Amino acid sequence: MANTACFIIVSRNDIPIYEAEVGSAPKEEAAHQHQFILHAALDIVQDLAWTTSAMFLKAVERFNDLVVSVYVTAGHTRLMLLHDSRNEDGIKSFFQEVHELYIKILLNPLYLSGSRITSSHFDTKVRALARKYL
């Protein structure tokens with residue numbers, strides 16, 4: 001697993017609907033820095049999403065030794081991962097499986113699209129996938 005990994009899902013309206021530190025537990029200041037780096041990369045992702053048909057945008061931004069990798073769904077929801085790993089295939093597999101979990105959340109009639117994902121089952125699955133692939 002990567003030493004540092006922060007994962008967020010951002011809705012098409014630029015609202016974070018899920019956030020998780022999936023690497024080793026950072027200090028509180030580092031956690032805020034991770035969120036800032038990911039949110040700063042949203043503009044780059046917005047530009048790239050319209051220039052390619054690929055869902056997995058790979059590394060879109062670098063900050064020191066950290067890399068921001070992004071996966072954009074067909075509905076323009078962004079799955080963003082800040083990491084220090086070089087395992088591109090594992091990151092792509094992580095995104096694909098989390099995307100499947102996200103689709104299952106969307107199919108739930110009790111879930112309001114664009115609202116925060118508060119399911120403990122979803123959180124547990126995302127963390128398990130992070131341990132498996134990152």
Side-chain angles (χ1 to χ4, degrees):
M1 179 180 230
N3 290 336
T4 301
C6 179
F7 175 69
I8 63 171
I9 299 176
V10 181
S11 73
R12 66 180 312 151
N13 300 327
D14 293 337
I15 299 169
I17 58 175
Y18 176 79
E19 299 177 35
E21 291 284 340
V22 292
S24 58
K27 298 176 185 165
E28 189 171 332
E29 303 87 40
H32 292 301
Q33 183 184 33
H34 294 168
Q35 292 174 0
F36 180 75
I37 294 166
L38 286 166
H39 286 84
L42 280 173
D43 291 334
I44 297 167
V45 173
Q46 177 111 12
D47 294 340
L48 283 175
W50 292 107
T51 61
T52 183
S53 61
M55 294 177 93
F56 180 51
L57 301 181
K58 301 182 183 178
V60 298
E61 176 78 318
R62 295 186 188 282
F63 181 80
N64 294 337
D65 60 341
L66 300 175
V67 179
V68 177
S69 295
V70 179
Y71 185 94
V72 181
T73 69
H76 295 286
T77 299
R78 280 80 33 109
L79 284 66
M80 303 176 73
L81 180 69
L82 178 70
H83 59 92
D84 57 5
S85 172
R86 304 287 181 246
N87 182 5
E88 192 171 294
D89 292 333
I91 292 168
K92 183 176 182 180
S93 297
F94 170 76
F95 278 139
Q96 289 171 335
E97 291 202 29
V98 171
H99 185 208
E100 289 177 22
L101 288 173
Y102 177 65
I103 289 171
K104 289 178 183 176
I105 289 286
L106 291 176
L107 292 174
N108 182 344
L110 301 176
Y111 175 72
L112 178 62
S113 183
S115 63
R116 284 194 73 74
I117 298 172
T118 57
S119 167
S120 60
H121 179 72
F122 181 83
D123 184 61
T124 303
K125 290 276 194 175
V126 168
R127 291 177 190 278
L129 290 172
R131 281 190 300 276
K132 180 178 178 182
Y133 290 114
L134 306 179

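One is the number of the first residue; the rest follow in order along the sequence. Small disclaimer: the values here were computed from a predicted structure and weren't measured.
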Do Leu79 and Leu106 share a hydrophobic cluster, counting only Ile, Leu, Val, Met, Phe, Trp and Tyr and linking them when any side-chain heavy atoms are less than 4.5 Å apart?
->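 Same cluster: Leu79 reaches Leu106 through Ile, Leu, Val, Met, Phe, Trp or Tyr contacts under 4.5 Å.
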
For the hydrophobic clusters of this structure (ILVMFWY residues joined by side-chain heavy atoms under 4.5 Å, transitively), does one cluster hold both Ile8 and Leu57?
->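 Cluster IDs for Ile8 and Leu57 match.
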
How long is the gap from CD1 on Ile9 to CD1 on Ile17, to the nearest 0.5 Å?
->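 One gets 5.5 Å once the value is rounded to the nearest 0.5 Å.
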
How long is the gap from CG on Leu66 to CG on Leu38, to the nearest 0.5 Å?
->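 These two atoms lie 9.5 Å from each other.
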
List the steps and the verdict of side-chain contact (heavy atoms from CB on, under 4.5 Å) for Arg86 and Val67.
-> CA-CA 9 Å; Arg86 304 287 181 246; Val67 179; 3.7 Å; yes

Nearest heavy atoms of [X] and [Y], plus distance in Å:
X: Asp123; Y: Ala20; result: OD1-CB, 4.3 Å
X: Glu21; Y: Cys6; result: OE2-SG, 3.4 Å
X: Ile105; Y: Tyr111; result: O-CB, 3.5 Å
X: Phe94; Y: Val126; result: CE1-O, 3.7 Å
X: Ala130; Y: Val22; result: CB-CB, 3.6 Å
X: Leu110; Y: Asn108; result: N-OD1, 2.8 Å

Report yes or no: does Arg78 contribute a side-chain atom to a donor-acceptor pair with the main-chain N or O of Leu42 at less than 3.5 Å?
->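 Checking the backbone N and O of Leu42 against the side chain of Arg78, no donor-acceptor pair under 3.5 Å is found.
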
Using ring-ring contact (aromatic ring centres under 6.0 Å, His included) as the criterion, list what pairs up with Phe122, not counting sequence neighbours.
->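 ring-ring contact (aromatic ring centres under 6.0 Å, His included) check on Phe122 returns Tyr18.
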
For residues 95-104, dump all side-chain donor-acceptor pairs below 3.5 Å to protein atoms at least two apart in sequence or in another chain.
from, atom 1, to, atom 2, distance (Å)
Glu97, OE2, Tyr133, OH, 2.3
His99, ND1, Tyr71, OH, 3.3
Tyr102, OH, Thr77, OG1, 3.4

Would Glu19 and Arg116 satisfy side-chain contact (heavy atoms from CB on, under 4.5 Å), going step by step from the backbone distance to the final call?
-> CA-CA 9 Å; Glu19 299 177 35; Arg116 284 194 73 74; 4.0 Å; yes

Derivation of the side-chain contact (heavy atoms from CB on, under 4.5 Å) call for Leu134 and Leu81 = CA-CA 10 Å; Leu134 306 179; Leu81 180 69; 3.8 Å; yes

In sequence, state the C-alpha distance, the side-chain angles, and the governing distance for His83 and Ser69, and then conclude on side-chain contact (heavy atoms from CB on, under 4.5 Å).
-> CA-CA 8 Å; His83 59 92; Ser69 295; 2.8 Å; yes

